[in-house]
> 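To start, I am sharing the structure in question, which I have written as structure tokens.
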Amino acid sequence: MGTISVTQIDPRVASFIEKPRKMLINGNWVDAVSGKTFPSYDPSNGEVLATVAEGDRADIDLAVKAARKAFDSASPWRKMTASERGRLIWKLADLLEQHTEEFAYLESLDNGKPLTIARAADVPLAVDLFRYMAGWATKIEGNTIPLSVPYTPGARYLSYTLREPVGVVGQIIAWNFPLLMAAWKLGPALASGCTVVLKPAEQTPLSALRLGELIMEAGFPEGVVNIVPGYGETAGAALAAHNDVDKVAFTGSTEVGKLIVHAATGNLKRVSLELGGKSPNVVFKDADMKATIPGAASAIFFNHGQCCCAGSRLYVEKPVFNEVVDGIAERAKKIKVGRGLEPTTDMGPLVSSEQLNRVCGYLESGFSQGAKAIAGGHKTSDKGYFVEPTVLVNTSHDMKVVQEEIFGPVVVAMPFSDPEEIVPQANDNVYGLAAGVWTTDIGKAHRMAEHLQAGTVWINCYNIFDAALPFGGYKQSGWGREMGHEVLNNYTQTKAVCARIA
Ligand code: NAI
Ligand code: MG
């Protein structure tokens with residue numbers, strides 16, 4: 001348990017992380033078939049926080065079997081009415097809400113994010129997502145369709161569509177919002193009537209495992225949700241390639257997203273992907289600076305820049321470039337970087353030493369290509385995975401730091417003179433997850449929204465999420481959408497029924 005004294009943290013959390021955590025298969029908490037375990041670390045000091053059962057192919061097999069059995073047409077889950085399914089999801093939301101404090105602590109310890117943020121954002125957003133999806137369970141409807149078949153003159157038909165669950169779903173998620181990503185994935189899968197094998201990220205398995213306990217407490221039948229922690233190359237790859245999995249939903253790097261697509265070819269399982277980004281954030285000279293400067297700072301620094309949609313490429317119209325960039329740098333310098341559990345912390349550590357090395361590698365690459373830091377630029381200590389909030393200037397289009405996803409608190413800022421040229425420049429990137437526009441000109445704002453190639457465009461705001469608002473990527477940022485009613489397309493398939501009635 002490292003340097004955390006158990007009296008400092010919620011006692012329920014202390015007792016949860018004291019014991020080695022098992023995996024959830026067919027309603028039972030079990031060890032890995034191999035007996036192996038792996039450590040989850042506290043990113044604020046690099047010490048082992050908890051020990052977790054290490055799933056691999058054999059465990060994934062058992063979990064998929066359990067999910068398949070739970071999806072059988074005679075199973076309690078499949079016999080449940082839509083209303084009963086919705087009420088179970090709603091109950092899970094209530095339970096999660098009652099344990100907000102406990103989950104906020106777990107999330108802060110395992111991921112490093114400030115407790116205050118986990119409490120105000122991660123947990124309430126997950127609760128709200130489950131409530132929103134609970135409502136959809138009774139509203140997944142097909143259509144009635146008039147037919148005009150030319151080669152059966154005079155015949156009449158009754159035709160309609162059924163929207164049915166796709167079946168057994170494998171869900172592989174990342175570590176930046178461990179609980180919220182689990183909710184984004186589980187909520188719509190359960191509302192649609194699917195069964196699930198969830199593999200949390202190896203860096204942050206704890207909140208998903210605790211959620212598994214609440215799922216059983218809520219009364220979901222055994223096997224409907226199975227949770228198998230483990231590494232990507234083993235448990236993740238086995239799940240992605242499994243021939244009895246009907247669909248895989250993935251959140252993570254674009255690199256692994258491509259591996260998931262390859263792995264799906266065995267049985268042509270459906271795939272949805274929520275991948276990386278390098279999102280442009282465009283500030284025009286007519287923007288309201290009081291909102292824009294804090295907004296553009298938070299667009300990159302929220303969650304330590306570990307957001308797939310982070311506003312990491314900042315384009316500022318020349319006359320206000322210095323004002324905006326200096327304003328963001330000033331805010332960056334005031335951000336208090338520290339341990340997530342400290343109430344005064346604004347920004348915690350990065351999630352892992354691997355992530356720290358990646359971000360520091362990008363900083364070095366930027367400096368070697370001529371970039372200059374007007375705030376930050378370094379890691380802050382030898383203990384824990386802390387990096388200073390960083391603003392890079394003297395950057396240009398072809399630099400690695402401008403083209404590639406850094407996934408840390410590092411923004412690259414570039415001036416522009418011709419508003420006509422900013423759209424092609426903003427769009428000249430392999431990603432297309434999100435974009436920001438700051439202006440008081442309403443027409444310009446919506447013209448920009450039309451032309452930016454991104455799944456989300458925020459105007460005079462950034463990082464605004466809602467369970468009802470679809471989120472996902474254009475180009476190499478992904479396939480399909482999370483949230484909103486659009487996400488139900490990921491978990492349902494359409495059956496056309498055609499009956500001759502005359
Ligand atoms: P990753 O893509 O390797 O990991 C994400 C998930 O995929 C984890 O659960 C992992 O265990 C699993 N995974 C890894 N390899 C797999 C495989 N071969 N088959 C099946 N599952 C596999 O991401 P990682 O290494 O944690 O971060 C690397 C970079 O990815 C970050 O620096 C960032 O740029 C990006 N990233 C993007 C995220 C997003 O929200 N879109 C989230 C996390 C990372
Ligand atoms: Mg990885």
Side-chain angles (χ1 to χ4, degrees), residues 1-2 4 9 12-25 28-44 46-60 62-63 96 99 102-113 118 122-123 126 170-186 196-216 225-240 249-253 256 306 340 349-355 385:
M1 286 215 18
I4 315 151
I9 63 171
R12 291 167 300 181
V13 174
S15 74
F16 186 76
I17 60 180
E18 254 164 28
K19 295 187 221 71
R21 302 317 315 179
K22 300 188 179 199
M23 54 182 86
L24 177 62
I25 296 180
N28 301 312
W29 291 96
V30 297
D31 291 320
V33 171
S34 67
K36 281 200 216 166
T37 61
F38 71 102
S40 187
Y41 298 98
D42 176 344
S44 70
E47 289 170 14
V48 174
L49 176 67
T51 302
V52 176
E54 184 186 330
D56 202 336
R57 185 175 304 277
D59 310 283
I60 291 290
L62 292 174
L96 183 57
H99 292 84
E102 189 187 338
F103 275 87
Y105 262 99
L106 258 186
E107 208 71 333
S108 175
L109 279 170
D110 209 12
N111 164 281
K113 65 178 67 200
D122 296 70
V123 186
Q171 303 186 319
I172 300 171
I173 55 176
W175 42 261
N176 50 344
F177 296 89
L179 173 70
L180 187 57
M181 293 302 103
W184 281 19
K185 294 282 187 275
L186 290 170
V196 177
V197 177
L198 174 75
K199 194 204 80 66
E202 57 269 37
Q203 296 85 352
T204 55
L206 298 179
S207 55
L209 293 172
R210 182 68 185 103
L211 185 67
E213 295 184 344
L214 297 189
I215 287 169
M216 296 320 295
V225 176
N226 305 275
I227 303 178
V228 182
Y231 292 102
E233 298 74 11
T234 51
L239 184 55
F250 172 76
T251 298
S253 61
V256 174
Q306 300 171 135
L350 300 182
V351 75
S352 62
S353 59
E354 190 189 0
Q355 204 56 25
Y385 314 135

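Starting from 1, each residue takes its place in the sequence as its number.
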> Which atom pair, heavy atoms only, marks the closest approach of Glu54 to Ala32?
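Result for this residue pair: O-CB, 3.3 Å.
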> When you measure from the side chain of Ser108 to the backbone N and O of Lys113, does any donor-acceptor pair fall under 3.5 Å?
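The answer is yes, because a donor-acceptor pair under 3.5 Å joins these two groups.
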> Counting distance only, does the side-chain N/O of Gln306 pair as donor-acceptor with the main-chain N or O of Val351 below 3.5 Å?
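Flag set: sc Gln306 to bb Val351 pair under 3.5 Å.
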> I'd like to check Thr251 versus Lys185 (side-chain heavy atoms, cut-off strictly below 4.5 Å). Are they in contact?
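Thr251 reaches Lys185 side chain to side chain.
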> Supply the atom-to-atom distance Phe16 CZ to Ser207 OG, rounded to the nearest 0.5 angstrom.
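So the gap between those two atoms works out to 8.5 Å.
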> Decide yes or no for Tyr385 and Gln355: does some side-chain heavy atom of the first lie under 4.5 Å from some side-chain heavy atom of the second?
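Heavy-atom side-chain distance check fails, nothing below 4.5 Å.
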> Using every non-hydrogen atom in the two residues, find where Asn226 and Ala63 come nearest and quote the distance to one decimal.
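Result for this residue pair: ND2-O, 3.6 Å.
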> Under the side-chain contact (heavy atoms from CB on, under 4.5 Å) test against Ile25, which residue among Ile227, Val33, Leu62 passes?
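Single pass found, and it is Leu62.
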> Is a salt bridge present between Glu213 and Arg21, judged by a nitrogen-to-oxygen distance below 4.0 Å?
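Here Glu213 pairs with Arg21 in a salt bridge, since their nearest N and O are under 4.0 Å apart.
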> Output the distance between atom OG1 (Thr234) and atom NZ (Lys199), rounded to the nearest 0.5 Å.
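So the OG1 of Thr234 and the NZ of Lys199 are separated by 7.5 Å.
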> Do Thr51 and Phe38 have side-chain heavy atoms sitting under 4.5 Å apart?
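When only atoms from C-beta onward are counted, Phe38 and Thr51 do not touch, as no gap falls below 4.5 Å.
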> Could you tell me which non-hydrogen atom of Ala174 sits nearest to which non-hydrogen atom of Ala201, and how far apart they are?
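That closest heavy-atom pairing would be C-CB, 3.6 Å.
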> So which atom in Pro229 and which in Met23 form the shortest heavy-atom distance, rounded to 0.1 Å?
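That closest heavy-atom pairing would be CD-CB, 3.5 Å.
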> When you compare the side chain of Leu179 with that of Val123, does any pair of heavy atoms fall below 4.5 Å?
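Of all side-chain heavy-atom pairs linking Leu179 with Val123, at least one is under 4.5 Å.
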> Is the closest side-chain heavy-atom distance between Asp31 and Thr37 below 4.5 Å?
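A side-chain contact is absent here, since even the closest heavy-atom pair is not under 4.5 Å.
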> Any non-hydrogen side-chain atom of Leu239 less than 4.5 Å from a side-chain atom of Val197?
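Heavy-atom side-chain distance check passes, below 4.5 Å.
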> Within this structure, what is the CG-CG distance for the pair Leu214 and Leu209, rounded to the nearest 0.5 Å?
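One finds 11.5 Å between CG of Leu214 and CG of Leu209.
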> Going from OG on Ser353 to OH on Tyr41, what distance comes out if it is rounded to the nearest 0.5 angstrom?
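OH of Tyr41 is found 8.0 Å from OG of Ser353.
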> Check each of Val52, Val13, Leu109 against Leu206 using the side-chain contact (heavy atoms from CB on, under 4.5 Å) test, and report the only one that passes.
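Only match with Leu206 under side-chain contact (heavy atoms from CB on, under 4.5 Å): Val52.
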> Got a sec, which residues hit side chain to side chain donor-acceptor pair (under 3.5 Å) with Asp110, two or more places apart in sequence or on another chain?
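Testing Asp110 for side chain to side chain donor-acceptor pair (under 3.5 Å), a comparison that skips the adjacent residues, returns Ser40.
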> Measure the CG-CG distance between Asp42 and Asn111 for me, rounded to the nearest 0.5 Å.
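Answer rounded to 0.5 Å: 10.5 Å.
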> Are the side chains of Leu211 and Leu198 in touch, meaning some heavy atoms are under 4.5 Å apart?
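Leu211 does not reach Leu198 side chain to side chain.
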> First locate atom CG of Leu180, then atom CD1 of Ile173, and finally report the distance between them rounded to the nearest 0.5 Å.
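Nearest 0.5 Å value for the CG-CD1 distance: 9.5 Å.
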> For residues Pro349 and Gly112, report the shortest heavy-atom separation together with the two atoms involved.
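In this case the closest contact between Pro349 and Gly112 is CD-O, 3.3 Å.
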> Ala235 and Gly55: which non-hydrogen atoms are nearest, and at how many Å?
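What the structure gives for the nearest pair is CB-O, 3.5 Å.
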